[in-house]
2 protein chains.
Amino acid sequence: MPKIVDHEARRRHIVDALLRIASRDGLDAVSLREVAAEAGVSMGMIQHYFATKDRMLMFALTQLNARIGERVAAAMDAPSPRAFLRAAILELLPLDDERRSEARIGLAFLARSVVADEPADLLRQALPYVIGFYAEQIRAAQELGQVHADLDSRIEAVILYTMAQGLANPALIGHLSSDDVVATVDYHLDRLFLTPG
Amino acid sequence: MPKIVDHEARRRHIVDALLRIASRDGLDAVSLREVAAEAGVSMGMIQHYFATKDRMLMFALTQLNARIGERVAAAMDAPSPRAFLRAAILELLPLDDERRSEARIGLAFLARSVVADEPADLLRQALPYVIGFYAEQIRAAQELGQVHADLDSRIEAVILYTMAQGLANPALIGHLSSDDVVATVDYHLDRLFLTPG
DNA sequence: GCGATTACAATGCACTCGCATCGTAAAATG
DNA sequence: CATTTTACGATGCGAGTGCATTGTAATCGC
């Protein structure tokens, strides 16, 4: 083996460039040459670390999910189910540059998932986990008397998630401000929880 | 003027083919040659009716919005605000082949709107109208005593719309069945309205 | 009938794409 | 020191892209 090289570090360096391009100009603008230029490396090097463009894209999507997942996990020490749910949802919404970038790329991958199997499989796999987690939190809140017991925790979790997903769109297009987004989330949580935030 | 030709009919014929391709294989698969082949015409003819590909795409998006708008308008004779809102929202969700196709294409255009100005402008322009309409209906229901008076009709309208938008995604990916989608909408309306559907 | 205009069809062009191929420098291994 | 393996860089290829150009048939006003 020649040249001591950190394989994973190189791969992350490459997909970082990829994600910057995807956020700035969309997934359609992601080409091997563009990524190489953005990362400051040669096209041959990219081919060395990713057998195909699709594999590179899937690695990028996995990386993106991991980033968001880490931040949501970091919010898990919230003092109440409501505080955690609020933090977890706001983590998905484009409220600052980093989250805006993630939301843009996530939407691009979502759209691609409609016609491509690989990213669709990944999303399909992640969804029950996410919604299940929300449902657990709501159920816990119900047992604490913080949410009406006769609400359906599963459906409330779906509504919570889909509202967050849908809320990202007008926010990205520029029709809703960050304040509007946060206010809407809090309004919805006010309706769901008996106890204030 | 030679050859009596219905200009608009030709344009609709072309964008019908375009929309079929976009629904089947995504917006990325839409090329002049593909559209020509799908429509059974020559590439030259397409160039004759659309100066540029972007104009053709924008015409297709306008056409798509018009279709959905017509169906929503047709639901306007519903007997109650709740019935209308339910019909209007279900019209946006992928519950049959036609709506599934529209939702797929709509998502593709939404994703493109993040990086392209023209479709983004169109969406930005349509959004306040749609949400305003929802808000009016909720306000009317409040005056009829069918919705709690202390709810914020504007925010409820936003939540309704974003939930519908977000609900389309797992439905398209195949994670939620049509029954799940309808049940979720009805559940949410049950929480919003005092009077049953 | 005749020039003008419209409605196409066919072809070509410059460009970009993912990927394969080839060559080479360097370091670990024997 | 020789060999093998890794890590690239450079180049080229075939396919596909949007669009411009050119040619031609048809039908209108005159």
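Treat the numbers as computed from the prediction; the structure is a model and nothing was measured. Each chain gets a letter, A, B and so on, in the order the sequences are listed, and its residues count up from 1. Worth knowing before you read on, the calculation uses all heavy atoms, side chains too, and leaves out hydrogens, waters and symmetry mates.
As rounded to whole Å, 19 Å separates atom P of dC19(C) from atom OH of Y49(A). The CE-P distance, from M56(B) to dG18(D), rounds to 8 Å in whole Å. Here dG18(C) presents its P atom at 10 Å from CD1 of I46(A), a figure rounded to the nearest Å. With rounding to whole Å, F50(B) atom CZ is found 13 Å from dC19(D) atom P. Between D54(A) atom CG and dC17(C) atom C1' the separation is 13 Å, expressed in whole Å. Computed from coordinates, the R11(A) CZ to dC8(D) C1' distance equals 16 Å when rounded to whole Å.
Taking the side chain to side chain contact (heavy atoms under 4.5 Å, CB included) definition, one finds that L144(B) meets it with P81(B), Q146(B), sequence neighbours left out. Considering only residues two or more places apart in sequence or on other chains, S113(B) meets the side chain to side chain contact (heavy atoms under 4.5 Å, CB included) condition with I173(A), P119(B), A120(B), L123(B). With sequence neighbours excluded, no residue forms a ring pair (Phe, Tyr, Trp, His ring centres under 6.0 Å) with F193(B). Under the side chain to side chain contact (heavy atoms under 4.5 Å, CB included) criterion, Q125(B) pairs with no residue, sequence neighbours left out. A search for side chain to side chain contact (heavy atoms under 4.5 Å, CB included) contacts involving H48(A) returns nothing, not counting sequence neighbours.
Look at R10(A) and you won't find any side-chain N or O under 4.0 angstrom from OP1 or OP2 of dA7(D). H48(A) has no side-chain polar atom (N or O) that falls below the 4.0 Å cut-off from OP1 or OP2 of dC8(D). Between T52(A) and the phosphate of dG18(C), there is no side-chain N or O to OP1/OP2 separation shorter than 4.0 Å.
The salt bridge (charged side-chain N to carboxylate O under 4.0 Å, His left out) contacts involving residues 57-68 of chain A comprise D16(A)-R67(A), where partners must be two or more places apart or lie in separate chains. Contacts classified as side chain to side chain donor-acceptor pair (under 3.5 Å) and involving residues 126-145 of chain B (residues at least two apart or in different chains) are not found.
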Protein N or O to nucleotides 21-24 of chain C N or O, pairs below 3.5 Å:
none

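Looking at the side chain of K53(B), the nearest of the listed nucleotides dG18(D), dC8(C), dG9(D) is dG18(D). When the nucleotides dA7(C), dC19(C), dT11(C) are ranked by their closest atom to the side chain of H7(B), dA7(C) comes out on top.
With S80(A) contributing its side chain and A83(A) its backbone, the two residues share a donor-acceptor pair below 3.5 Å.
At a threshold of 4.0 Å, the pair R99(A)-D96(A) counts as salt-bridged, since one of the basic side-chain nitrogens sits closer than that to a carboxylate oxygen.
Proximity of residues 24-41 of chain B to DNA chain C (heavy atom under 4.0 angstrom from any strand atom) is not detected for any residue.
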